[in-house]
Asks: 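Let me give you the structure first, and then I'll get to my questions.
All of these numbers come straight from a predicted model, not from anything done at the bench. In the text below, chain A, chain B and the rest are named by the order of the sequence lines, each starting its count at 1.
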Protein chains: 2
Amino acid sequence: MLRQKLTNSILRAAIIELAREGYAGLTMEGVTRRAGVGKAALYRRWSGKEDMIIEILLESKLVIIEAPNTGSLEGDVKQYLSEAAKMLRRPLSKKILPDLYSEMTRDTRLGHTIREQVQKPKNKCVIQIVEQAISRKEMAGDANYMLAYDLLAGPLYWHMLINQETADIEFVNRLVRVITTALKVC
Amino acid sequence: MLRQKLTNSILRAAIIELAREGYAGLTMEGVTRRAGVGKAALYRRWSGKEDMIIEILLESKLVIIEAPNTGSLEGDVKQYLSEAAKMLRRPLSKKILPDLYSEMTRDTRLGHTIREQVQKPKNKCVIQIVEQAISRKEMAGDANYMLAYDLLAGPLYWHMLINQETADIEFVNRLVRVITTALKVC
DNA sequence: CAAATATGAAACGATAACGTTCCGTTTGTG
DNA sequence: CACAAACGGAACGTTATCGTTTCATATTTG
């Protein structure tokens, strides 16, 4: 009968610690200090930090983007990139995601969870966009899905996560135009 | 009068540890164990792991790419992406770079060094490619450099580092063709 | 209201890395 | 060859976090 309000407070503190210290630098004691709770409250809920962060990933919609279906490739691309940019503008996401992508390369339960919960849904979304474009004859039938995925996701992530740049509407619109052009010859 | 051969052995061990444990998980003791040396040998050379890794970055050409000048935009793009792919294929680079990009978001001396030594040279290289293309009238005079940078670097980075995928020559060639098309409408 | 239980705080021993120091041995330099 | 210095290895005290336990207090539930 753990108190839900306390659970939420702890998870909020954990997210902030994750953003500040990174996953490897995250400690259970750091979370207790930030949340102002006792250690027992944490260990009654999770066996350790991996458990805790996995719960955050499973519950968070931070990284999920709905597959668009606007009727045109350019519309779909615009909606996808706009949603992605909106998510990547959040200061916590901007700090946390480079770290998660780094953890994703490791053979741990957390790495596996990130691949399944963060990356796979993103890929599904892109597949749908491409399939719709092919059925509308906006893309060739033998289009390379992986290449399309890299074109759609790569530039914005590079821009916002690696270079930690901003992306206003004007920039996203330019990106949409250019990437749509590229997808059509994909 | 520190022995250079030993310094090299230690740095090699440090790179492997960096790839296996990540920067946050890297320990001086771990490096001594892998290198089979005493701790004094390390602390006689560096004040701590940040110092040591910064020396590795400054000495390594792991991430530097020469600015191409082949006479055509497509040629430059092909050379740039081929070199980048060659570098990203190296197992150690593939493991280490996501970690460095994560550290780059932090306000530390290491973060600053990565930005200066890894990212800035890459950006300079792209600027040159774009300037050459503009002077050849292959790109518009008001092209957006940052957008060009994101297009050139983003997809391959996303492909190889985030998704840890391979990139054979065929894939790189497809990428070259599509990105060149995109750059021309940039 | 009363019983049950989750809570914060503190203390605990265990583990691991830190950075320093010592010592006996190896190396390379003059 | 002889000397100086760097070396490996071990030991040291220090610090931080781990995960557990205890206990008095606060909260929820019946």
Asks: To the nearest Å, how far apart are E29(A) CD and dT20(D) P?
Replies: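 About 13 Å, once rounded to whole Å.
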
Asks: Nearest heavy atom decides the nucleotide; on that basis, is M1(B) or Y43(B) closer to the 5' end of DNA chain C?
Replies: Y43(B)

Asks: Determine, for E170(B) against R174(B), whether the closest basic-nitrogen to carboxylate-oxygen distance falls under 4.0 angstrom.
Replies: yes

Asks: Tell me: CG of L6(B) to P of dT25(C), nearest whole Å?
Replies: 20 Å

Asks: Take atom CZ of R34(B) and atom P of dG8(D), then tell me their distance rounded to the nearest Å.
Replies: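 It works out to 16 Å between those atoms.
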
Asks: Could you tell me the separation between the CG atom of L26(A) and the C1' atom of dT17(D), rounded to a whole number of Å?
Replies: 12 Å

Asks: Taking CG from L42(A) and C1' from dA6(C), how many angstroms apart are they, rounded to a whole number?
Replies: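 To the nearest whole Å, that distance equals 14 Å.
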
Asks: In whole angstrom, give the distance that lies between atom CE of M52(A) and atom C1' of dC18(D).
Replies: 13 Å

Asks: Quick one: which of dA6(D), dA26(D), dT17(D) gets closest to the side chain of R3(A)?
Replies: dA26(D)

Asks: Less than 4.5 Å apart, any side-chain heavy atom of L161(A) and any of Y101(A)?
Replies: yes

Asks: Does any N or O in the side chain of K49(B) come within less than 3.5 Å of the main-chain N or O of Y23(B), such that one atom is a donor and the other an acceptor?
Replies: yes

Asks: Please figure out whether A40(A) or M28(A) has its closest DNA chain D nucleotide nearer the 5' end.
Replies: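 So the residue in question is M28(A).
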
Asks: Tell me: CD of Q4(A) to P of dT29(D), nearest whole Å?
Replies: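 Whole-Å distance recorded here is 12 Å.
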
Asks: Examine the base of dG8(C) for any acceptor or donor lying under 3.5 Å from a partner atom in the side chain of K39(A), and report the outcome as yes or no.
Replies: no

Asks: Examine dG8(D): is either OP1 or OP2 under 4.0 Å from a nitrogen or oxygen in the side chain of R44(B)? Give yes or no.
Replies: no

Asks: For the pair made of OH in Y23(B) and P in dA17(C), what is the distance, rounded to whole Å?
Replies: 16 Å

Asks: Of all heavy-atom pairs between E138(B) and K184(B), which one has the smallest distance, and what is that distance?
Replies: O-CG, 3.5 Å

